[in-house]
Amino acid sequence: MSEYIQNLNPTQRDAAVNYQGASLIIAGAGSGKTRVLTCRIAYMLSQGVQAHTVLALTFTNKAAKEMRERIATLVPGGMSRSLWMGTFHSVFARILRAESDKLGYPSSFTIYDSADAKNLVKLAIKELNLSDETYKPNVVAARISKAKNNLVTPQAYEANSSLQAEDREQRIPQFLDIYKLYARKCRENGAMDFDDLLLNTNILMRDFPEVLTKYQNQFRYILVDEYQDTNFAQYVIIRRLGELHGNVCVVGDDAQSIYSFRGAKIENILRFQQDFPGAKLFKLEQNYRSTQTIVNAANCVIEKNQRQIRKKSFSAADEGDPIRVIKAYTDKEESALLASDIYTTVRTRGVQYSDVAVLYRTNAQSRALEEALRSRNIPYKIYGGMSFYQRKEIKDMLAYVRLVVNPRDDEALRRIINTPARGIGDVTIGRIAGAAAANGLSMWEAVSRLDPATIGLAGAAGNKVAQFAKMIGELSEMRSTTEAYTLGLEIATRSGLIGTYKMQQTPESISALENIEELLNSIRVYTEEQERMAADTATEGESAPQALVQIDEWLQNVALLTDMDNENPEERNKVTLMTVHSAKGLEFEYVYVAGLEENLFPSMMSMGTPEGLEEERRLFYVALTRAKRAAVLSFAESRFKWGEMTFGRPSRFLSEIDPQYLDLQFELGDSRDSDEEANSAPRYGRPGGPSRYGRPGTGSSQDYGQGGYRKRAGAPDTGALRRTDTPSPGARFRSLSARGATQGSPATGSPASRFSAPGTGRPAARPSGPPAGYPPRPIGGATSASPHVTGATNGSDPPGASSSQGSGEMAVGTRVEHAKFGVGEIVAIEEWTSDVKLTVDFGAAGRKVLLKKFAKLQIL
DNA sequence: CTTTCGTATTTTTTT
DNA sequence: AATACGAAAG
Ligand SMILES: Nc1ncnc2c1ncn2[C@@H]1O[C@H](COP(=O)(O)OP(=O)(O)OP(=O)(O)O)[C@@H](O)[C@H]1O
């Protein structure tokens with residue numbers, strides 16, 4: 001028997017080796033669930049199971065990539081390469097592209113992210129002449145998302161009177177109209193949003209039995225990690241694909257279900273044994289990750305939840321250090337204390353920075369931490385928040401590519417027709433949209449095919465539009481003959497994006513330029529990888545025709561990537577900063593959890609309901625159990641929020657840990673608000689409330705979907721928050737900002753398993769297109785090689801607002817402090833049109849060129 | 001049509 | 001604090 005199987009404990013081994021039939025592996029954190037899944041796949045391959053018949057779904061692309069790499073080391077040859085492995089979204093996006101003609105989509109359909117979706121909702125609301133006060137785009141988008149996650153199409157929605165009654169009750173009676181229009185627009189644009197990927201997969205499998213059969217036969221073995229966080233749409237996909245052979249293995253931990261805000265249902269894992277009768281149940285009880293202290297402390301916390309499957313969980317590792325709790329007066333002090341502590345830990349414990357993570361509840365908390373780390377020259381990397389792909393310049397650039405690839409993508413056109421400013425305003429855009437609608441064309445088709453005069457685009461505006469159309473047209477024609485990177489560079493230049501950013505010479509524009517270069521670089525890396533893989537497979541067979549890697553292919557891969565999926569070589573040995581949500585499934589030697597305050601963690605938004613609070617508790621459980629050797633918890637008594645100082649008290653979760661596991665140098669105050677006693681002893685299980693998880697023993701739950709929700713007052717909506725950042729070469733992903741969907745509305749009720757057929761929109765444009773390159777490769781690490789950037793040079797002087805505040809005292813050698821980069825020394829000064837360009841050496845943060853006007857430097 | 005300035009609003013969490 | 005949006009000036 002292979003070594004990797006030998007290394008498993010008996011239960012784990014059982015779970016790995018018995019790969020026929022259905023299996024449910026349910027176990028606490030760190031018990032080796034993911035490892036079992038990995039070994040199981042490797043074992044299957046070693047027993048002769050064909051890799052391409054295995055479908056393994058993970059929670060993130062990164063997890064998939066790591067699992068694939070691990071398997072590659074366990075089995076011979078390139079077998080692991082043919083595994084179908086990825087997130088639900090990326091795997092089914094690939095399948096949808098292959099089958100797109102059946103649903104009337106082009107195979108190169110665009111994938112809209114949440115921001116694109118929100119814009120489209122906004123547009124739909126506007127076109128229906130509804131007020132965006134009543135119909136808040138965020139709320140509407142969240143409700144649409146919820147409907148889709150429950151497989152409720154607009155048609156099904158229309159047939160469902162209780163949903164519509166809910167809308168009326170919430171004073172959004174015309175919600176359905178928006179939903180319909182939104183869906184129509186997506187279809188006309190040849191685009192799917194995240195939720196459509198799952199919804200349309202379901203429609204495909206429901207309406208095309210032969211397609212369903214094909215995939216049922218192809219995927220003889222299905223494995224799902226983190227099953228407790230699947231939503232209804234994902235659940236139905238698994239049930240359908242697995243019902244023929246029942247070789248379905250799911251892995252999860254109900255105590256780690258933390259994504260209910262996007263429709264995840266713990267019930268999915270609880271009813272697995274009913275869905276797949278005879279499923280073998282494996283319970284893993286030993287935690288191999290953490291010290292006894294951490295495991296025991298985490299158990300204390302999770303015990304407080306009423307609704308759960310009770311599980312044993314013990315650690316045979318050392319007792320380990322007690323969990324330290326750090327108190328600070330302000331968020332700034334908290335960050336400073338953590339930064340010093342990290343520094344000391346790394347120094348004295350002989351560990352790497354990369355063994356350390358700081359976790360927090362909200363992205364907004366990262367800022368203070370960043371500043372503290374930076375000023376101490378502690379290297380860090382930050383995930384989530386405003387990721388690379390959400391930055392304006394990147395989204396603009398991607399919109400150009402999207403339009404070139406998919407001429408029906410009106411959303412992309414609207415985004416960039418006047419970016420950079422070319423004198424095409426709202427009025428003109430409105431006329432184009434009108435003409436497009438009147439002729440049943442997309443907006444780009446309208447501007448490129450219709451006579452400008454007939455649609456009222458005479459004069460200056462008409463010329464500008466014609467010029468724009470010509471540019472896109474030419475780029476579009478180059479597509480089939482031009483290699484992806486070259487075309488990307490061409491797009492970046494001819495669109496004028498590079499030129500305008502070059503012209504501006506502000507820190508922001510420099511940063512934007514770097515990001516665009518980085519994006520172009522990722523095209524190159526992707527291209528090279530594809531070519532290498534093509535060459536690999538070609539050596540076995542005959543000479544492969546040197547296929548041109550088109551930009552289409554890259555675009556399709558990029559749409560579902562997040563910053564976590566990029567392994568940048570420069571990002572090694574850095575402290576990790578991320579939200580607790582993003583940390584699920586990861587592990588670190590030392591974990592710091594910051595901001596353990598009432599109303600922050602647990603979040604204010606979630607405390608209204610027992611369910612919400614229990615989810616926060618699970619989230620805290622996840623946070624604690626990321627730590628292998630030690631955890632440190634911190635809170636601040638005051639914190640800036642919306643530019644205002646707010647005061648908080650220590651989180652109730654701190655007092656839920658048995659003090660024997662804590663190293664507490666002070667009295668832990670009461671978490672309760674004086675007038676809030678009732679909240680500290682929430683009553684569970686409302687009268688008639690059907691939703692209660694199976695008690696220990698029964699392991700089942702009757703209900704899912706329906707009921708159990710209470711309306712909450714003041715459902716919040718959210719908006720986007722963005723922070724511009726200054727350039728810092730090498731550090732690809734900058735901070736941040738939070739952005740988010742929200743719930744707000746009560747549940748959409750029954751996840752009707754019958755849902756209606758998609759309406760047919762415009763016929764598919766171009767049913768060509770290769771299946772997306774697979775396995776999906778994340779874009780590679782950026783080297784410092786800067787793509788040569790052509791474009792307008794800054795001959796002309798930018799209209800300079802006058803500058804120079806507090807002139808004088810700066811000279812070469814002056815020590816200054818920057819809000820982000822910390823302390824540095826000026827090494828060069830240069831006149832720059834109306835301002836002064838400073839080169840400052842910030843030590844670890846690097847050497848930066850800053851404009852005095854913007855840099856807000858403090859002279860020390 | 002663009003830029004600029006003032007005001008209102010925002011923060012959970014993410015594929 | 002930072003952003004997005006709308007109004008008014010250029
Ligand atoms: N039998 C074993 N022997 C030694 N180490 C093990 C064993 N099983 C698991 N581990 C280690 O325990 C750690 C946790 O494993 P893994 O990530 O698979 O757990 P998990 O159950 O998926 O955790 P989580 O639910 O928190 O994501 C890993 O570092 C893994 O290498």
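Letters A, B, ... mirror the listed sequences (proteins, then strands); counts begin at 1.
Comparing A:Ser582 and A:Glu133 against DNA chain B, the residue whose closest nucleotide sits nearer the 5' end is A:Glu133. For the pair A:Asn418 and A:Lys641, nearest-nucleotide mapping onto DNA chain B gives the more 5' position to A:Asn418.
With B:dC1, B:dT2, B:dT15 as the choices, the nucleotide that has an atom nearest any side-chain atom of A:Val427 turns out to be B:dC1. In this structure, the nucleotide among B:dT13, B:dT15, B:dT2 sitting nearest to the side chain of A:Ser114 is B:dT15. Of the candidate nucleotides B:dT15, B:dT10, B:dC1, B:dT10 has the atom lying nearest to any side-chain atom of A:Trp642. Of the candidate nucleotides B:dT15, C:dA2, B:dT14, C:dA2 has the atom lying nearest to any side-chain atom of A:Arg367. Side-chain proximity of A:Thr579 to the nucleotides B:dT2, B:dT13, B:dT15 is greatest for B:dT13.
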Polar atoms only, N or O, under 3.5 Å: list the protein pairs with nucleotides 3-8 of chain B and their distances.
none

Between protein and nucleotides 5-8 of chain C, what N or O pairs are separated by less than 3.5 Å?
residue: C:dC5; atom: OP1; partner: A:Lys122; partner atom: NZ; Å: 2.7

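Counted by atom type alone, A:Asp396 and A:Thr419 present zero donor-acceptor pairs between their side chains at under 3.5 Å. A donor and an acceptor atom, one from each side chain of A:Tyr621 and A:Asn305, are nowhere located under 3.5 Å apart.
Legend: residues meeting ring-ring contact (aromatic ring centres under 6.0 Å, His included) with A:Phe59, ordered by chain and number and at least two apart, are A:Tyr259. The salt bridge (Lys or Arg N to Asp or Glu O under 4.0 Å) search around A:Lys584 returns A:Glu226, A:Asp229, not counting sequence neighbours. When the salt bridge (Lys or Arg N to Asp or Glu O under 4.0 Å) test is applied to A:Glu333, no partner is found at least two apart in sequence or on another chain.
In DNA chain C, runs of at least 3 stacked Watson-Crick or G-U pairs (N1-N3 plus N6-O4 or O6-N4, or N1-O2 plus O6-N3, all under 3.5 Å) give these stems: B:1-10 with C:1-10.
Here the OG1 atom belonging to A:Thr230 is positioned 10.0 Å from the CG atom belonging to A:Leu57, to the nearest 0.5 angstrom. We find the CD1-CG distance between A:Ile111 and A:Leu197 to be 5.0 Å, quoted to the nearest 0.5 Å.
Residue A:Ile424 is in sugar-phosphate contact alone, with no base atom involved, counting any heavy-atom pair closer than 4.0 Å across all strands shown. Contacts of A:Phe640 with the nucleic acid, taken as non-hydrogen atoms under 4.0 Å apart, are absent. Nucleic acid contact for A:Ser603: base, since at least one base atom lies under 4.0 Å from a heavy atom of the residue.
A:Asp196 contributes a side-chain N or O that, together with a main-chain N or O of A:Asp193, makes up a donor-acceptor pair within less than 3.5 Å. A donor-acceptor pair is defined here as one N or O able to donate and one able to accept, closer than 3.5 Å; no such pair exists between the side chain of A:Asn418 and the backbone of A:Gly425. The backbone N or O of A:Ser603 lies less than 3.5 Å from no partner atom in the side chain of A:Asn599, so there is not a single donor-acceptor pair.
Atom-to-atom, NZ of A:Lys118 to P of C:dA4 comes out at 9 Å; the value is rounded to the nearest Å. Nucleotide B:dT13 holds its P atom 9 Å from the CD atom of A:Gln365, rounded to whole Å. Atoms CG (A:Leu577) and P (B:dT13) sit 14 Å apart, rounded to a whole Å. When the P atom of B:dT15 is taken as reference, atom OH of A:Tyr383 falls 13 Å away, rounded to whole Å. Look at CD1 on A:Ile111: it is 10 Å from C1' on B:dT15, rounded to the nearest Å. For A:Lys464 and B:dT2, the NZ to C1' distance is 11 Å, given to the nearest whole Å. As a whole-Å value, the separation of A:Leu586 CG from B:dT14 P is 13 Å. Note: CG (A:Asp193) to C1' (B:dT15) measures 11 Å, nearest angstrom.
The ring of A:Phe261 lies on top of the base of B:dT13, close enough and flat enough: under 5.5 Å between centres, under 30° between planes.
A gap of 23 Å separates the C1' atoms of B:dT13 and C:dA4, to the nearest Å.
Using a 4.0 Å cut-off between charged side-chain N and carboxylate O, A:Glu615 and A:Arg618 make a salt bridge.
Within the 4.0 Å cut-off from OP1 or OP2 of B:dT14, at least one side-chain nitrogen or oxygen of A:Asn363 is found. For B:dT15, neither phosphate oxygen OP1 nor OP2 lies less than 4.0 angstrom from any side-chain nitrogen or oxygen of A:Thr60. Residue A:Asn149 places none of its side-chain N or O atoms closer than 4.0 Å to OP1 or OP2 of B:dT15.
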Would you please test A:Arg307 and A:Asp254 for salt bridge (Lys or Arg N to Asp or Glu O under 4.0 Å) and show each step?
-> CA-CA 9 Å; A:Arg307 308 142 116 261; A:Asp254 61 301; over 6 Å; no
Which is it for A:Val250 and A:Tyr235 under the side-chain contact (heavy atoms from CB on, under 4.5 Å) test, yes or no, and what are the steps along the way?
-> CA-CA 11 Å; A:Val250 304; A:Tyr235 159 81; over 6 Å; no
